[in-house]
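Below is one structure, written out as structure tokens; the observations come after it.
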Amino acid sequence: MKKFMCMMLAAIMIVGSGVVAFAARDNGEFGIDYGTMDKDVMAPGQLYTFDLITNDGSYVDADWKMNNSITYSITSGNQYIEKFYIAESKDDEFYELYVQTKGDADYSSNHKIKFTMMARNKYRDEDDKRGPEYGNIYRFEGELTAGFAKGHSDIIRDDFFTVDKDIPAVTLDKKLDVVTAQFPQLGYIKFRLANTYSYNFAYSTSVPKALLVKYPNADIRAWNFHARPEFDTASTVEFLCDGKTYAYTKDDDNNLTEFPVTFKNGDRITFKTKQLDSYIFSDKPLKTSSSSTTTVPVQTNQKPAPPPAPAKPASPMPPAQAKPTPTPAPAPTPAAPAPAPAPAPEKTPSAVTTPFSGEPLATLIFGASF
């Protein structure tokens with residue numbers, strides 16, 4: 001039944017995890033099933049999974065994997081691959097090949113990813129005798145493509161342009177200075193050009209399923225920039241929303257880090273950042289984690305606070321003046337000496353405040369065997 005359904009569905013997008021999965025079909029050859037990826041292109045920064053199939057066309061399960069040692073390696077294009085490994089499927093007991101493309105590589109053109117997989121039968125029976133297929137080797141030569149299906153957009157010569165989700169890699173005319181990129185139904189990014197003129201704005205709006213389950217009463221939206229493009233200077237991001245909105249950056253483990261934003265014009269929040277990331281927006285506060293490794297944007301739309309004036313040492317109090325010792329009056333005739341004058345009070349030095357000026361202390365798998 002599963003195999004029939006898999007043959008009917010070419011590709012399934014798992015929204016909660018942002019993984020594109022492809023199902024196997026009975027082709028009687030050890031390797032993977034491409035689904036539609038033998039013709040399609042893997043987008044930058046995206047994780048894809050492919051079902052592993054045995055030499056007889058069935059799915060690779062725990063028993064088959066135990067009886068066969070599988071090795072794999074990327075032979076070409078590994079600079080465009082972030083992760084490449086075999087693991088058990090999160091949905092069932094079968095095994096899959098996981099391939100994640102790098103988001104920050106040069107995708108001015110599409111790139112071929114070539115790899116090999118080899119399985120060697122090592123089955124022995126209960127008496128430790130070799131099985132009939134012991135030593136058999138099954139080899140698979142694979143090829144995938146990473147980049148943008150429609151390639152790069154033409155050079156943009158206007159200071160206001162719309163990012164096409166199907167062609168998110170843009171190159172801007174070097175004559176431009178400050179430009180604004182529009183993302184339909186999401187927002188805008190205004191940035192200055194200095195040294196960088198090509199940007200990969202590949203993005204998605206998938207909210208992790210774990211967050212939706214954890215916060216069923218919250219209105220959660222996402223704006224994930226897979227390539228995490230970096231600007232020459234801090235740039236202004238505007239996200240369209242209604243009412244009070246909490247903003248977070250999200251890492252690969254769905255850990256959240258909140259950052260400050262400014263509500264503007266009644267329909268958007270703004271913030272500044274030098275590098276785009278994966279963002280989560282919610283109408284209700286969400287739990288944050290101190291273990292997150294995302295890039296927190298700088299605060300936006302507020303004039304920077306003037307640097308604090310250096311503390312001045314407190315002026316010392318003038319020294320206490322000793323009372324003069326009275327001179328005894330001369331006596332015409334010898335007489336008892338005049339009483340000794342009272343001693344002058346000791347001088348008490350005043351406290352001097354010394355300012356403290358301290359700085360805070362700074363504190364692929366390739367060629368793997370499975």
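Taking both residues in full, the closest heavy atoms of S289 and T257 are given as O-OG1, 3.9 Å, listed atom of the first, atom of the second, then distance. Pairing each heavy atom of M117 with each of I86, the nearest pair is CE-CD1, 4.2 Å. Considering every non-hydrogen atom in both A202 and N200, the closest pair reads N-OD1, 3.0 Å. The two residues D125 and D127 make their nearest non-hydrogen contact at OD1-N, 2.9 Å. Here the shortest heavy-atom pairing between E238 and K264 reads OE2-NZ, 3.2 Å. Among all heavy-atom pairs drawn from F263 and C241, the shortest one is CE1-SG, 4.1 Å.
Rounding to the nearest 0.5 angstrom, the gap separating the CG atom in L144 from the CG atom in N110 is 12.5 Å. Here D242 contributes atom CG and D219 contributes atom CG; the two are 9.0 Å apart, rounded to the nearest 0.5 Å. Atom CH2 of W64 sits about 8.5 Å away from atom CG of D56, to the nearest 0.5 Å. Between L47 atom CG and T101 atom OG1 the span is 8.5 Å, to the nearest 0.5 Å. If you take NZ on K65 and CG on N67, they are separated by 10.0 Å, rounding to the nearest 0.5 Å. One finds the CZ atom of R268 at 12.5 Å from the CG atom of L186 (value rounded to the nearest 0.5 Å).
Taken together through direct or relayed side-chain contacts under 4.5 Å among Ile, Leu, Val, Met, Phe, Trp and Tyr, I32 and M118 form parts of separate hydrophobic clusters. Cluster membership check: I137 does not share its hydrophobic cluster with F115, using side-chain heavy-atom separations under 4.5 Å among Ile, Leu, Val, Met, Phe, Trp and Tyr. Cluster membership check: L52 does not share its hydrophobic cluster with Y123, using side-chain heavy-atom separations under 4.5 Å among Ile, Leu, Val, Met, Phe, Trp and Tyr. When the side chains of ILVMFWY residues are joined at heavy-atom separations under 4.5 Å, either directly or via intervening members, Y188 and I269 end up in two distinct hydrophobic clusters. Side-chain heavy atoms closer than 4.5 Å link hydrophobic residues (I, L, V, M, F, W, Y) into clusters, and following such links, possibly through other members, connects L212 to L256.
Contact annotation: the side chain of R139 approaches that of E141 to within less than 4.5 Å [non-hydrogen atoms, C-beta and beyond]. Using a 4.5 Å heavy-atom threshold, the side chains of Y59 and T54 count as separate. Within the 4.5 Å cutoff, the side chain of Y80 has no heavy atoms near those of the M42 side chain. With contacts defined as side-chain heavy-atom distances shorter than 4.5 Å, the pair I220/P208 does not qualify. Within the 4.5 Å cutoff, the side chain of P285 has heavy atoms near those of the Y248 side chain. At a threshold of 4.5 Å between non-hydrogen side-chain atoms, the residues I113 and I81 count as touching. The side-chain heavy atoms of K214 and K287, taken from C-beta on, include a pair separated by under 4.5 Å. In this structure, the side chains of K174 and L193 stay at 4.5 Å or more apart for every pair of heavy atoms.
Side chain of N265 to backbone of D267: no donor-acceptor contact under 3.5 angstrom is found. At distances below 3.5 Å, at least one donor-acceptor pair connects side-chain atoms of D251 with backbone N or O atoms of D253. Q275 places a side-chain N or O within donor-acceptor distance of the main-chain N or O of R228, the cut-off being under 3.5 Å. Side-chain atoms of D159 never come within 3.5 Å of backbone atoms of V178 as a donor-acceptor pair (strictly under, hydrogens ignored). Panel note: side chain D277, backbone T249; no donor-acceptor pair is recorded below 3.5 Å. Side chain of N224 to main chain of S206: a donor-acceptor pair is present (N/O by atom type, distance under 3.5 Å, no hydrogens or angles). Remark: the backbone N or O of G243 is paired with a side-chain donor or acceptor of T245 at under 3.5 angstrom. Judged purely by atom type and a 3.5 angstrom limit, T196 has no side-chain atom pairing as donor or acceptor with the backbone of A194.
Looking at T171 and S198, their side chains do bring a donor and an acceptor atom within 3.5 Å of each other. If you check the side chains of T162 and Q182, you find a donor sitting under 3.5 Å from an acceptor.
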Before giving the answer on ring-ring contact (aromatic ring centres under 6.0 Å, His included), spell out for F239 and F281 the whole-Å C-alpha distance, their side-chain angles and the decisive distance to 0.1 Å. CA-CA 9 Å; F239 179 74; F281 304 101; 3.8 Å; yes

Worked verdict on I156 versus L172 for side-chain contact (heavy atoms from CB on, under 4.5 Å): CA-CA 5 Å; I156 295 174; L172 298 155; 3.7 Å; yes

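With sequence neighbours left out, the side chain to side chain contact (heavy atoms under 4.5 Å, CB included) criterion links D173 to I155, R157, K175, L176.
Of the residues T270, V261, L276, the one that meets the side-chain contact (heavy atoms from CB on, under 4.5 Å) test with V237 is L276.
Using the six-membered ring where Trp is involved, F191 and F161 have ring planes that are perpendicular, over 60° apart on the 30 and 60° scheme. Taking the six-membered ring where tryptophan is involved, the planes of F225 and F201 are perpendicular, since the angle between them exceeds 60° and thus also 30°. Aromatic ring pairs are classed by plane angle as parallel below 30°, tilted from 30° to 60° and perpendicular above 60°; the pair F50 and Y34 is perpendicular. By the 30° and 60° cut-offs, the orientation of the rings of F30 relative to Y138 is tilted.
Other residues, nucleotides and ligands contribute over 12 non-hydrogen atoms within 6.0 Å of the CG atom of D177. Remark: K114 NZ is loosely packed, at most 12 non-hydrogen atoms of other residues, nucleotides or ligands lying under 6.0 Å away.
Taking the charged nitrogens against the carboxylate oxygens, D128 and R124 do have a contact shorter than 4.0 Å, which makes a salt bridge.
Proximity of the aromatic rings of Y199 and F231 is defined here by a centroid distance below 6.0 angstrom, and this criterion is met. Here the two rings, on Y203 and F183, have centers that are under 6.0 Å apart.
Within the cation-pi definition used here (under 6.0 Å to the ring centroid, within 45° of the axis), K284 does not qualify as a partner of Y246.
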